[in-house]
Amino acid sequence: MCEKLQLPRIRLPQPITISGIGNTTTIVEHETSVTIFSRVSPFTLKSSMLILPSITMKLPQFSVDVREWSIPKHVDLADPMFAITGSIDMILGAAHFFRVLRYGRISLGIDLPLIQNTEFGWVVSGECTVENHDNQDPRSCQFSNSCTIDELVNRFWQLEEVQKTKGWSPSERFCEEHFLKNTTRNSDGRYVVLLPKREELLLQLDDNWFNATRRFYALERSLTRDPEKKAMYQKFIHEYLALGHM
């Protein structure tokens, strides 16, 4: 990628050792500065990149047929060719991970991955059941570490600190799961979420037809006594209907 873009190489003051799974190591002597632009949002990211002869094997290890996957039409994939085996151009460090994440996650179904919204578009991640004609094990793992000793010690103490975060309550978890499973996007680009309901509580609700009817007639009588207020109320209701809110 560095050669393809003709980026200037900057020699490091001293070589950096990058370690990975199985204690494999790579010596890096050069870096370059880049500005990454998103093609789906105004997001940009400036970063220094270490230059390696190769990053990892081609991923995915074999192409996957995703024609039957129900990927929503409004989803703008970060990599539309994600299911076809290809080379990896670069890896963003963990320092940038949470900066590129955006709110939004959709499950594609049972035995299929999730899609997560990011500043670069939606990315596909997770397990899926596919037919492998080569009888190869599709599992792979990528991990690298280029930190100095000081940085590692600092991270250790950060991990050891007690986090004062409160876990989700059952109601909060229910709302989160409901949003992820029942969110769609209409032709206008608006997100639409089904109203949540607790099935186990529906039987505890009383019959409120009488109270609702009585309040409706009371509202009608109040509006009849105030024509100006009635006209404003009717205008509001017609506008609400026209917008498709009810």
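With H74 contributing its side chain and T184 its backbone, the two residues share no donor-acceptor pair below 3.5 Å. Checking side-chain atoms of N186 against main-chain N and O of D188 turns up a donor-acceptor pair under 3.5 Å. Remark: the backbone N or O of G104 is paired with a side-chain donor or acceptor of Q116 at under 3.5 angstrom. Without hydrogens or angle criteria, T32 side chain to R9 main chain gives no donor-acceptor distance under 3.5 Å.
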Handout entry: Trace of the side chain to side chain contact (heavy atoms under 4.5 Å, CB included) decision for L45 with E119
Key = CA-CA 10 Å; L45 175 65; E119 295 288 358; over 6 Å; no
Practice task
Begin from the C-alpha positions of R102 and S41 and carry the test side chain to side chain contact (heavy atoms under 4.5 Å, CB included) through to its verdict.
Solution key: CA-CA 11 Å; R102 299 178 68 177; S41 73; 3.9 Å; yes
Exercise for the section: Give the intermediate values and the outcome of side chain to side chain contact (heavy atoms under 4.5 Å, CB included) for residues K229 and L223. Expected result: CA-CA 6 Å; K229 182 179 178 181; L223 294 177; 3.9 Å; yes
Practice task
Begin from the C-alpha positions of W69 and V64 and carry the test side chain to side chain contact (heavy atoms under 4.5 Å, CB included) through to its verdict.
Solution key: CA-CA 11 Å; W69 292 14; V64 180; 4.1 Å; yes
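The list of side-chain hydrogen bond (donor to acceptor under 3.5 Å, both in side chains) pairs with a residue in residues 79-99, not counting sequence neighbours, reads S47-H96.
Side-chain contact between I71 and L108 is present, with at least one heavy-atom pair separated by less than 4.5 Å. At least one side-chain heavy atom of M49 sits less than 4.5 Å from a side-chain heavy atom of L92. Side-chain atoms of L180 and L114, non-hydrogen and from C-beta on, never get closer than 4.5 Å to each other.
Remark: Y191 OH is packed, more than 12 non-hydrogen atoms of other residues, nucleotides or ligands lying under 6.0 Å away. Enclosure of atom CD in E177 by more than 12 non-hydrogen atoms of other residues, nucleotides or ligands within 6.0 angstrom is indicated. Counted within 6.0 Å of CZ on R39, heavy atoms from surrounding residues, nucleotides or ligands total more than 12; the atom is thus considered enclosed. Heavy atoms of other residues, nucleotides or ligands lying less than 6.0 angstrom from CE of M232 number 12 at most. Annotation for E220: atom CD counts as buried by contact number, over 12 foreign heavy atoms lying within 6.0 Å.
To the nearest 0.5 Å, the span separating CZ on R185 from NZ on K73 amounts to 15.0 Å. Between the OG1 atom in T213 and the CG atom in N208 there is a gap of 8.5 Å [rounded to 0.5 Å].
Between F179 and Y103, the gap from one ring centroid to the other is short of 6.0 Å.
Between F43 and F120, the angle of the ring planes goes over 60°, which puts this pair in the perpendicular group of the 30/60° scheme. In this pair, Y233 and F236 present their aromatic rings tilted. The plane angle is within the 30 to 60° band.
Classification of R67 and D65 as a salt-bridged pair holds, one side-chain N sitting under 4.0 Å from a carboxylate O.
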